[in-house]
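Residue numbers count from 1 along this sequence. Atoms considered below: every heavy atom in the structure, side chains included; atoms not considered: hydrogens, waters and symmetry mates.
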Amino acid sequence: MGGRLRTVTAGRVSCALDLRGPSLVLDTACSSSLVAVHAARQSLLTGESGLAIAAGVNIIVSPQDSIAYSQGGMLSPDGRCRFGDASADGFVRSEGVGAVVLKPLPDALHDGDPVLALLLGSAVTNDGQGSGLLLKPAVSGQVQMLRDACHSAGIEPAQLDYVEAHGTGTPTGDTVELSALAEAAGGERPLCCGSVKTNIGHAEAAAGIAGLIKGADRPPRRHPRLPACVLPASAAHRRAAGRLRRHREHPAGQAGPQGLLGVSSFGLSGTNAHVFIGAFKDEREPVEQPAPTSKGACLLVLSTRSAAALRRLAASYADHLGPDGGGRTQSLRDICATAATRRDTVRTGCGPSAPRTTNWPPS
């Protein structure tokens, strides 16, 4: 019974990990996972929690929503999300799961945890009657969201370097979002932005967490016919963002006005969410990893789409692990674990079908 109820999704995680703090399932449509990040941050700030897991999950198990979106003219006919492109004609539904672990910085540093980024501030608002329609986004609501998030982070909108936009690739949604960013940023300084949806589609409830995870290392945007940048003054100031800049680093525990990255997420419910993150420069002494103690054999999993590719891959590993290869200085167990769990498993076409999943390392 419990496995089929969405309401117990968070509870299953708490039960599995024996977590005793707040355990919530939030549903604000497409902004759900970023609202979860905001709620988790608030719980940490109040001392209610010492560590928080914020996640987003989206799976498509029925055609009903897709039919409704299609009838509403919201889906791209050719299956491409084109945020910021003049040919943008709708979004593409996708599935996804993402999670981040949040912890107060002093505690993370004390415990020796790896820190990927600093969560500087966040805000959640609703459009109310700003657009006159429930399902239509409102510039006023998004502007208020950005200003509230800036206040939370203690920064000015003009200090932003980059915004990971909600960016569905719909004419209405993109126009409202770009207009709101331009109004909130003000001034003449260009503000680059992009959207992970051009790479993975619209993961809906998991869209916000996908944008947040992308923030640390932004890949080039697909379909870059026109620049996906917000220019506070006019379109004449736009500059191409095909190769997006990495945000600059700050010393440990500091977040200055440079290298600031914002992430936006909007829901059909009218609920808007925005978070600010900053790069983190780890100045701690690196911890030397102990050498593996296992003396047993390790299984190297090789998976390709053809026999010829399989031979080439095997030869590449042989060179890497040979006397003159760099693999001699690495853990063989780590190399085998990476090959088994970090590469897609495909059918080789030269023997029995390989399993779709591999349990490695063994428990």
Side-chain angles (χ1 to χ4, degrees), residues 1-61 94-120 122 124 196 200 203-217 263 265 273 275 277 280 282 284 287 289-290 292-294 331 333-334 336-338 340-342 345 355-363:
M1 177 68 178
R4 299 194 298 269
L5 295 177
R6 182 172 61 182
T7 52
V8 301
T9 305
R12 289 173 64 87
V13 176
S14 295
C15 180
L17 302 179
D18 193 24
L19 304 178
R20 305 301 179 93
S23 185
L24 311 173
V25 175
L26 300 174
D27 187 356
T28 62
C30 308
S31 57
S32 298
S33 57
L34 211 60
V35 172
V37 172
H38 172 76
R41 175 176 174 268
Q42 296 294 92
S43 185
L44 292 171
L45 289 177
T46 62
E48 183 180 46
S49 304
L51 178 146
I53 302 173
V57 179
N58 190 60
I59 57 175
I60 302 172
V61 296
S94 67
E95 299 177 309
V97 178
V100 295
V101 178
L102 308 178
K103 196 173 185 180
L105 182 60
D107 294 346
L109 295 176
H110 178 269
D111 296 340
D113 297 324
V115 180
L116 301 182
L118 303 177
L119 180 57
L120 307 176
S122 62
V124 172
V196 71
I200 67 171
E204 298 170 12
I209 205 78
L212 180 60
I213 292 172
K214 173 195 169 184
D217 191 354
V263 183
S265 192
V275 303
I277 61 174
F280 175 78
D282 196 344
R284 294 171 290 180
V287 178
Q289 298 295 329
T293 57
S294 174
S331 164
R333 184 180 179 86
D334 288 347
C336 291
T338 299
T341 64
R342 300 300 182 183
T345 301
R356 298 300 299 175
T357 59
T358 304
N359 293 325
W360 185 271
S363 58

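Note that CD1 of Ile53 and OG of Ser14 are 8.0 Å apart. Values are rounded to the nearest 0.5 Å. The CG atom of Leu26 lies 10.5 Å from the NE2 atom of His38; values are rounded to the nearest 0.5 Å. Note: Leu44 CG to Leu105 CG = 12.0 Å, rounded to the nearest 0.5 Å. Within the model, atoms CZ of Arg41 and OG1 of Thr46 stand 11.0 Å from one another, a figure rounded to the nearest 0.5 Å.
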Enumerate, atom names and distances included, each donor-acceptor pair closer than 3.5 Å involving a side-chain atom of residues 110-120, sequence neighbours excluded.
unit_1, atom_1, unit_2, atom_2, d
Asp111, OD2, Lys103, NZ, 2.6
Asp113, OD2, Lys103, NZ, 2.7

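Here the shortest heavy-atom pairing between Ala205 and Ser32 reads O-CB, 4.1 Å. Residues Leu34 and Ala273 approach most closely at CD2-O, 3.6 Å, considering heavy atoms. Across all non-hydrogen atoms, the minimal contact from Thr7 to Val25 is O-CG2, 3.5 Å. Closest of all the heavy-atom pairs between Gly96 and Ala206 is O-CB, 3.6 Å. Closest heavy-atom contact between Ser33 and Gly56: CB-CA, 3.7 Å. Scanning all heavy atoms of the two residues, the minimum distance from Gly208 to Val263 falls at O-CG1, 4.1 Å.
Under the 3.5 Å distance criterion, the side-chain polar atoms of Ser31 are left unmatched by any main-chain donor or acceptor of Ser265.
Residue pairs meeting the side-chain hydrogen bond (donor to acceptor under 3.5 Å, both in side chains) criterion with at least one member in residues 49-59, sequence neighbours excluded, are Ser43-Ser49.
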Inset, instruction - Apply side-chain contact (heavy atoms from CB on, under 4.5 Å) to the pair Ile200 and Lys214, showing each step before the final yes or no. - result: CA-CA 11 Å; Ile200 67 171; Lys214 173 195 169 184; over 6 Å; no
